[in-house]
Amino acid sequence: MIYNGLYAQRTNILETLYSEASIQLLNDTDKSQLKKHLEDLYENLGAQLKKIGLNQSILIDRISQLTYSAKTKNPDNLRTKFIIRMLYEIKAAYPTDASIEHIENESSEKAYTLNIGNLFPLEQTINSRIPKDATFKQKTENYYSESVYYIVSEFLNKHYDKWSEDEITDRAIDLAKLFIDNYFKDLKFIN
């Protein structure tokens, strides 16, 4: 998902590495062999990704540019939902009753409202009650405060007074960095 979905590269570049490692892992007879082959896979994977130029700045750029629209068929929708889910799961299991909330209302005139920085999961029961024309202040005071999701509480603590395109852009970059720090922190090939 990350490699071909965000980095826009063909998966067959890595397929041979995974295929060879799978065969080795299936034939391993003890833990020391298994550990060695996993370490080799990790090292070879890192070398291959470094060779093709995977780096932190590209990942931050790709993640922070993701968008989501419930109103149109958006090619980013699945990737964006995946990243939002993975970000939530840093601290807790992703809730089954979650829907994607646009903090500033989704607008075809304002493309930035579709950006990942303008999104978070919200209980479907709360999200469905929010009027389509609700302002940021109405949302934060009358709806978001009801949420039990930790990510909504964190948002309210950080962005309660103001919400604009600049805050959305900054939050998108912060989310991308958080994702990389939590899911790629041990990878030596990320510059």
Side-chain angles (χ1 to χ4, degrees), residues 1-11 13-15 17-18 21-22 38 41-46 48-50 52-104 106 111-127 139 144 147-159 163 167-191:
M1 173 69 165
I2 299 301
Y3 179 71
N4 64 344
L6 293 176
Y7 202 60
Q9 298 289 328
R10 294 174 45 155
T11 57
I13 293 171
L14 302 178
E15 212 168 274
L17 287 175
Y18 283 116
S22 296
L38 285 173
L41 172 63
Y42 185 79
E43 188 176 314
N44 292 335
L45 178 63
Q48 184 65 37
L49 291 175
K50 190 171 190 169
I52 61 167
L54 180 64
N55 66 55
Q56 186 171 1
S57 62
I58 291 172
L59 283 175
I60 289 170
D61 183 58
R62 298 278 167 86
I63 293 169
S64 67
Q65 298 299 317
L66 287 173
T67 60
Y68 177 85
S69 174
K71 296 178 181 178
T72 62
K73 287 190 175 192
N74 180 347
D76 278 350
N77 280 355
L78 286 176
R79 289 183 283 264
T80 305
K81 286 174 77 173
F82 172 79
I83 298 292
I84 289 171
R85 180 184 188 113
M86 296 301 291
L87 285 166
Y88 193 92
E89 289 182 351
I90 291 168
K91 293 187 181 177
Y94 193 76
T96 57
D97 65 337
S99 62
I100 301 295
E101 164 64 354
H102 288 81
I103 300 161
E104 181 174 333
E106 181 176 350
Y112 68 87
T113 63
L114 305 179
N115 184 273
I116 193 168
N118 190 46
L119 308 171
F120 58 57
L122 186 65
E123 293 92 331
Q124 177 63 41
T125 55
I126 297 171
N127 205 356
K139 287 180 172 187
Y144 296 168
S147 178
V148 297
Y149 294 175
Y150 81 86
I151 208 163
V152 177
S153 297
E154 286 178 355
F155 173 83
L156 288 175
N157 290 334
K158 189 171 185 180
H159 298 288
W163 193 244
E167 283 76 25
I168 291 169
T169 301
D170 290 346
R171 183 168 180 262
I173 292 167
D174 289 346
L175 292 174
K177 288 177 180 177
L178 180 66
F179 183 83
I180 291 165
D181 287 347
N182 280 274
Y183 293 104
F184 291 96
K185 63 184 168 200
D186 295 329
L187 300 179
K188 297 173 185 143
F189 56 87
I190 297 290
N191 305 331

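Numbering starts at 1 and runs along the sequence shown.
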**OP:** First locate atom CD1 of Ile116, then atom CD1 of Ile83, and finally report the distance between them rounded to the nearest 0.5 Å.
**Re:** 6.0 Å
Subject >> Listed partners of Lys73 passing salt bridge (charged side-chain N to carboxylate O under 4.0 Å, His left out), at least two apart >> reply: none
Subject >> Tyr68 side chain to Arg79 backbone, donor-acceptor under 3.5 Å >> reply: no
Original post:
Taking only residues two or more places apart in sequence, or in another chain, which ones meet Ser22 in a side-chain contact (heavy atoms from CB on, under 4.5 Å)?
Top reply: none
Original post:
Do the non-hydrogen side-chain atoms of Tyr149 and Phe155 ever get within less than 4.5 Å of each other?
Top reply: no
Original post:
How far does CZ of Phe179 sit from CG of Asp174, to the nearest 0.5 angstrom?
Top reply: 15.5 Å
**OP:** Tell me yes or no: between the side chains of Ser147 and Glu123, is some donor less than 3.5 Å from an acceptor?
**Re:** yes
Subject >> Residue pair Lys139 / Glu101, side-chain heavy-atom distance below 4.5 Å >> reply: yes
Subject >> From OH (Tyr94) to CD1 (Ile84), nearest 0.5 Å >> reply: 6.5 Å
Original post:
Looking at side-chain heavy atoms only, is the closest gap between Glu154 and Lys91 below 4.5 Å?
Top reply: yes
Original post:
Hey, does Ile103 have a side-chain heavy atom less than 4.5 Å from the side chain of Glu167?
Top reply: no
**OP:** Output yes when a side-chain donor or acceptor of Asn77 lies under 3.5 Å from a complementary backbone atom of Ser69, and no otherwise.
**Re:** yes
Subject >> Whether Asn118 side chain and Glu104 backbone form a donor-acceptor pair below 3.5 Å >> reply: yes
Original post:
Roughly how far, to the nearest 0.5 Å, is the NZ atom of Lys71 from the CG atom of Leu114?
Top reply: 9.0 Å
**OP:** Find out whether Ile168 and Trp163 are in side-chain contact, i.e. whether some heavy atom of one side chain is under 4.5 Å from a heavy atom of the other.
**Re:** yes
Original post:
Just wondering, do Asn115 and Thr169 contact through their side chains at under 4.5 Å, heavy atoms?
Top reply: no
**OP:** Nearest 0.5 Å please: distance from the CG atom of Leu66 over to the CG atom of Asp61.
**Re:** 10.0 Å
Original post:
Taking only residues two or more places apart in sequence, or in another chain, which ones meet Lys81 in a salt bridge (charged side-chain N to carboxylate O under 4.0 Å, His left out)?
Top reply: none
Subject >> Side-chain heavy-atom pair Leu175, Ile63 within 4.5 angstrom cut-off >> reply: no
**OP:** On the 0 to 90° scale, with breaks at 30° and 60°, tag the Tyr88-Tyr150 ring pair as parallel, tilted or perpendicular.
**Re:** tilted
Original post:
Between Asp170 and Lys158, is there a side-chain N and carboxylate O pair less than 4.0 Å apart?
Top reply: no
Subject >> Least distance between heavy atoms, Asn74 atom then Thr67 atom >> reply: ND2-OG1, 2.9 Å
Original post:
Can you check whether Leu119's main-chain N or O pairs, donor with acceptor, with Arg171's side chain at less than 3.5 Å?
Top reply: yes
